[in-house]
Amino acid sequence: MLAFEARNGCLRYSDFVDLVPSISARVLSSELKELEADGLIVRTMYNEIPPRVEYSYLKLGSWQFLLYA
């Protein structure tokens with residue numbers, strides 16, 4: 001579900017919290033790390049203060065997501 005939501009562009013951590021308000025921080029972080037490891041999303045960290053991290057959907061990942069869904 002998280003990968004599907006990220007397909008519309010870049011999302012930040014708080015965007016995912018807004019999309020799934022009942023998810024715990026631990027589960028959300030775990031799911032995002034797993035999706036990144038599977039190559040479905042890309043995590044982009046910006047060297048700013050405060051730190052900014054965005055998650056975006058890979059086109060290659062979209063094919064994998066469609067094949068395994």
Side-chain angles (χ1 to χ4, degrees):
M1 181 173 134
L2 296 178
F4 179 77
E5 294 296 343
R7 80 186 186 330
N8 294 325
C10 294
L11 293 176
R12 297 181 70 180
Y13 185 88
S14 60
D15 296 327
F16 286 109
V17 172
D18 292 341
L19 289 168
V20 189
S22 62
I23 195 166
S24 70
R26 181 183 218 168
V27 172
L28 178 57
S29 295
S30 173
E31 289 296 318
L32 289 171
K33 287 177 186 176
E34 186 177 327
L35 289 169
E36 182 183 15
D38 291 341
L40 294 172
I41 61 173
V42 173
R43 181 179 188 259
T44 306
M45 189 169 168
Y46 297 93
N47 195 14
E48 300 174 349
I49 298 196
R52 178 172 56 119
V53 177
E54 292 181 344
Y55 298 90
S56 59
Y57 197 65
L58 284 176
K59 289 186 180 186
L60 175 62
S62 65
W63 285 104
Q64 291 174 347
F65 183 72
L66 291 173
L67 292 173
Y68 295 117

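Residue numbers start at 1 and run along the sequence shown.
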- Could you check if a side-chain atom of Tyr13 sits within less than 4.5 angstrom of a side-chain atom of Val53, using non-hydrogen atoms only? no
Under 3.5 Å, side-chain donor or acceptor atoms of residues 15-27 against the rest of the protein: list the pairs with distances, not counting sequence neighbours.
unit_1	atom_1	unit_2	atom_2	d
Asp15	OD2	Arg12	N	2.8
Ser24	OG	Val27	N	3.2

- Message: Per the salt bridge (Lys or Arg N to Asp or Glu O under 4.0 Å) rule, what does the pair list look like for residues 39-53, sequence neighbours excluded?
- Response: Glu48-Arg52, Arg52-Glu54
- Query: In terms of hydrophobic clustering (I, L, V, M, F, W, Y; side-chain heavy atoms under 4.5 Å; direct or indirect links), are Met45 and Ile41 co-clustered?
  - Reply: yes
